[in-house]
Amino acid sequence: MKKAELKSFGNADEVREFPKGRLELVKIGGATVGRAIFEPGWRWATSVQPIAKTKSCEAPHLQYHVSGVLKILMDDGTELEAKPGDVSNLPSGHDAWVVGNEPAVVVDFQGMIDYAKSR
């Protein structure tokens, strides 16, 4: 039987910073969970694309939106606007940006292991 675990993003296992944002990662129960904080003015195409060096975000995401508004544009043209309390499932191939003056905070249960990591 595995032991119970408790971790905090306040004491993350790893922190990655990028223009107008940061990613905090905790490893727990054999999984990696990420909390991303995107400041107003953040956009994947300008803040993370230079790090990822891909046309669009290739990380799939299963995320809970804690605060702020995040606009998502899929490569196929689908547009979503994620608000607090929403849960989104995003396959590879998208851009995203913060709408408004409040930071967008998301907790991601998939896809953050390689996010904003230099290649």
When clusters are formed by joining ILVMFWY residues with side-chain heavy atoms under 4.5 Å apart, either directly or through shared neighbours, do Leu62 and Met112 land in the same one? no

Measure the shortest side-chain to side-chain distance between Phe18 and Phe38 over non-hydrogen atoms and say whether it is less than 4.5 angstrom. yes

Out of curiosity, does Leu73 fall in the hydrophobic cluster containing Val99 (side-chain heavy atoms, cut-off under 4.5 Å, transitive links)? yes

Please check: side-chain N/O of Asp108 versus main-chain N/O of His61, any donor-acceptor pairing under 3.5 Å? no

Of Ile113, Asp13, Val26, which is the lone residue that meets side chain to side chain contact (heavy atoms under 4.5 Å, CB included) with Thr32? Ile113

Does Asp76, at its CG atom, have more than 12 non-hydrogen atoms belonging to other residues, nucleotides or ligands within less than 6.0 Å? yes

Closest non-hydrogen atom pair, Ser56 against Asp75: OG-OD2, 2.8 Å

Kindly compute the distance separating CG (Leu80) from OG (Ser88), expressed to the nearest 0.5 Å. 7.5 Å

Can you confirm whether Pro60 sits close enough to Pro91 that some side-chain heavy atom of one is under 4.5 Å from a side-chain heavy atom of the other? no

Pair Glu24 + Arg22: basic N to acidic O under 4.0 Å: yes

I need the minimum non-hydrogen distance between Ser67 and Pro84, along with the two atoms involved. CA-CG, 3.7 Å

Working to the nearest 0.5 angstrom, can you tell me the gap between Gln49 CD and Arg43 CZ? 11.5 Å

Could you pull out the closest heavy-atom pair between Ala45 and Asp95, with the gap in Å? N-OD1, 3.2 Å

What one should report as the nearest heavy-atom pair of Pro103 and Ile37 is CB-CG2, 4.5 Å

Kindly give the heavy-atom pair with the smallest separation between Pro50 and Ser47, and that separation in Å. CD-C, 4.1 Å

If two hydrophobic side chains count as joined below 4.5 Å and joins carry through other members, does Val66 share a cluster with Val69? no

Could you tell me whether the side chain of Trp42 reaches within less than 4.5 Å of the side chain of Val48, counting heavy atoms only? yes

Is there side-chain contact between Cys57 and Ser92, with heavy atoms separated by less than 4.5 Å? no

Counting only N and O atoms by type, is there a donor-acceptor contact under 3.5 Å from the side chain of Glu5 to the main-chain atoms of Gly29? yes

Validation row: Leu25, Val33 side chains within 4.5 angstrom (heavy atoms): no

Within the 4.5 Å heavy-atom criterion, are Arg35 and Val105 side-chain neighbours or not? yes

NZ/NE/NH1/NH2 to OD/OE distance under 4.0 Å, Lys83 and Glu81: yes

If you count the non-hydrogen atoms of other residues, nucleotides and ligands that lie under 6.0 Å from NZ in Lys71, is the total more than 12? yes

Suppose we screen for salt bridge (Lys or Arg N to Asp or Glu O under 4.0 Å). Which residues come up paired with Glu102, at least two apart in sequence or across chains? none

Inter-residue atom distance Trp44.CH2 - Leu70.CG, 0.5 Å rounding: 13.5 Å

Tell me whether Trp97 is reachable from Leu90 by hopping between hydrophobic residues (I, L, V, M, F, W, Y) whose side-chain heavy atoms are closer than 4.5 Å. no

State, to 0.1 Å, how close Val98 and Pro40 come at their nearest heavy-atom pair, and which atoms those are. CG1-CA, 3.9 Å

